[in-house]
Engineer: 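Provided herewith is a single structure, encoded as structure tokens, for subsequent inquiry.
Just so you know, these numbers come straight off a predicted model, no measurement behind them.
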Amino acid sequence: MRDKPESSVLRLSDAYEGDGDIEVLVTMLNINYGKNKELMEACRPLGEYAWFIDRVRTLQKDKNDLGTAVYTAIDQMPEDYMIKPFLLDNRSEVMKMVLTEYDQEKTIEKAVDEGRREGRKEGLKEGRDERNMEVATELLQAGNHTVSFISRISRLPESAIRKLAAQLHITTL
């Protein structure tokens, strides 16, 4: 999200196929540290929170321990930050909140990765199925092979070969 534009418009219709009767537009604001400077100045606690989360992310990369990163970020927070007393008084709740947020991010990341793998697997399968259909079509059009032979070569079930032959108006052996 850090490298996203400061604001973007999301359309509900982008999440669905086909036409709908209603369109919902939502303006998404990037509240990562260093983005939307005007907004961060207008809402100082939000800007401080963005600094805090950015610091936690940076420290976690360095220390590879989220718990230590959260505690260190609170300690390193400038004294004049309005949210610092709240974070100090509620360290354990802040820790739980940050851990939950990171768990959600990891879960989403994992789901996206799994979706990509499944998509690739389906794409490969569709490609193989398409190629198998091409092989079966060529063998049927050659006209001198049995359904059983074409099934073995194309790796398609005999019922699919018969159906394909009927679609192509080819008599099978």
Side-chain angles (χ1 to χ4, degrees), residues 1-135 154-157 160:
M1 280 297 288
R2 288 185 216 176
D3 58 343
K4 299 282 184 194
E6 290 198 356
S7 70
S8 57
V9 175
L10 304 178
R11 298 175 181 279
L12 180 62
S13 61
D14 291 344
Y16 300 96
E17 290 183 19
D19 297 327
D21 295 332
I22 298 174
E23 178 65 271
V24 177
L25 301 176
V26 178
T27 301
M28 181 177 71
L29 300 176
N30 186 343
I31 60 166
N32 282 290
Y33 187 67
K35 301 288 185 179
N36 281 302
K37 186 176 180 183
E38 204 173 294
L39 173 64
M40 298 301 176
E41 288 172 358
C43 183
R44 188 173 164 199
L46 181 60
E48 293 173 3
Y49 177 74
W51 177 92
F52 170 68
I53 294 299
D54 184 70
R55 191 72 191 130
V56 168
R57 287 176 178 156
T58 301
L59 289 166
Q60 190 205 8
K61 284 181 188 170
D62 294 343
K63 299 179 187 293
N64 206 17
D65 175 40
L66 185 56
T68 303
V70 170
Y71 278 93
T72 304
I74 293 172
D75 291 339
Q76 291 179 353
M77 185 175 278
E79 293 301 322
D80 65 334
Y81 273 29
M82 296 168 53
I83 67 169
K84 186 169 185 172
F86 174 81
L87 296 178
L88 285 169
D89 291 344
N90 298 285
R91 274 186 196 248
S92 62
E93 289 83 0
V94 171
M95 178 66 74
K96 287 178 193 170
M97 186 247 350
V98 171
L99 289 172
T100 300
E101 181 179 314
Y102 276 80
D103 283 348
Q104 286 175 333
E105 284 180 18
K106 286 179 183 175
T107 300
I108 290 169
E109 214 173 274
K110 188 175 180 181
V112 167
D113 287 344
E114 188 174 311
R116 279 192 190 111
R117 279 193 301 278
E118 287 296 315
R120 286 186 186 116
K121 192 186 297 181
E122 282 181 33
L124 289 172
K125 183 183 180 313
E126 286 176 16
R128 278 193 305 270
D129 290 349
E130 191 174 303
R131 180 65 188 133
N132 293 349
M133 288 296 280
E134 289 172 7
V135 167
S154 67
R155 296 186 177 163
L156 292 172

Engineer: How many angstroms lie between CD1 in I74 and CG in L87, if you round to the nearest 0.5 Å?
Structural biologist: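 It is 5.0 Å, given to the nearest 0.5 Å.
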
Engineer: Does atom CD of E38 have more than 12 heavy-atom neighbours from other groups under 6.0 Å away?
Structural biologist: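 Counting neighbours around CD of E38, 12 or fewer heavy atoms of other residues, nucleotides or ligands fall under 6.0 Å, so no.
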
Engineer: Taking only Lys NZ, Arg NE, NH1 and NH2, and the carboxylate oxygens of Asp or Glu, determine whether D75 and R55 approach each other closer than 4.0 Å.
Structural biologist: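 Salt bridge: no.
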
Engineer: So, do W51 and P78 sit near enough that their side-chain heavy atoms are less than 4.5 Å apart?
Structural biologist: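 The answer is yes; the side chains approach within 4.5 Å.
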
Engineer: Do other residues, nucleotides or ligands put more than 12 heavy atoms under 6.0 Å from Y33 OH?
Structural biologist: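 No, because the 6.0 Å sphere around OH of Y33 holds 12 heavy atoms or fewer from other groups.
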
Engineer: Nearest 0.5 Å please: distance from the CG atom of L39 over to the CD1 atom of I31.
Structural biologist: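 Taking CG in L39 and CD1 in I31, the distance rounds to 8.0 Å.
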
Engineer: Closest heavy-atom contact between M40 and A50?
Structural biologist: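 Looks like CE-CB, 4.1 Å.
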
Engineer: Taking all non-hydrogen atoms of both residues, which atom of V56 and which atom of A73 are closest, and how far apart?
Structural biologist: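 Heavy atoms of V56 and A73 come nearest at CG2-CB, 3.6 Å.
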
Engineer: Is a side-chain donor or acceptor of E6 paired with a backbone partner of N36 at a separation under 3.5 angstrom?
Structural biologist: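 Here the side-chain-to-backbone pair exists.
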
Engineer: Run the side-chain contact (heavy atoms from CB on, under 4.5 Å) check on Y71 and M95 step by step: do they pass?
Structural biologist: CA-CA 8 Å; Y71 278 93; M95 178 66 74; 2.9 Å; yes

Engineer: Between R57 and N32, does a side-chain contact (heavy atoms from CB on, under 4.5 Å) hold up when you go through it step by step?
Structural biologist: CA-CA 11 Å; R57 287 176 178 156; N32 282 290; 2.7 Å; yes

Engineer: State, to 0.1 Å, how close M133 and L156 come at their nearest heavy-atom pair, and which atoms those are.
Structural biologist: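 Taking M133 first and L156 second, the nearest heavy atoms are SD-CD1, 3.4 Å.
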
Engineer: Kindly indicate, with the supporting measurements, whether the criterion side-chain contact (heavy atoms from CB on, under 4.5 Å) is fulfilled by L59 and T68.
Structural biologist: CA-CA 8 Å; L59 289 166; T68 303; over 6 Å; no

Engineer: Would the number of heavy atoms belonging to other residues, nucleotides or ligands and lying under 6.0 Å from CZ of R44 be above 12?
Structural biologist: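 Check passes, neighbour count above 12.
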
Engineer: Quick one: do E134 and R131 make a salt bridge, cutoff under 4.0 Å?
Structural biologist: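 Here E134 pairs with R131 in a salt bridge, since their nearest N and O are under 4.0 Å apart.
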
Engineer: Can you measure from CZ (F52) to NZ (K84) and round to the nearest 0.5 angstrom?
Structural biologist: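 Rounded to the nearest 0.5 Å, the CZ-NZ separation comes to 11.0 Å.
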
Engineer: Verify side-chain contact (heavy atoms from CB on, under 4.5 Å) between M77 and I83, making sure each step is shown before the conclusion.
Structural biologist: CA-CA 9 Å; M77 185 175 278; I83 67 169; 4.0 Å; yes

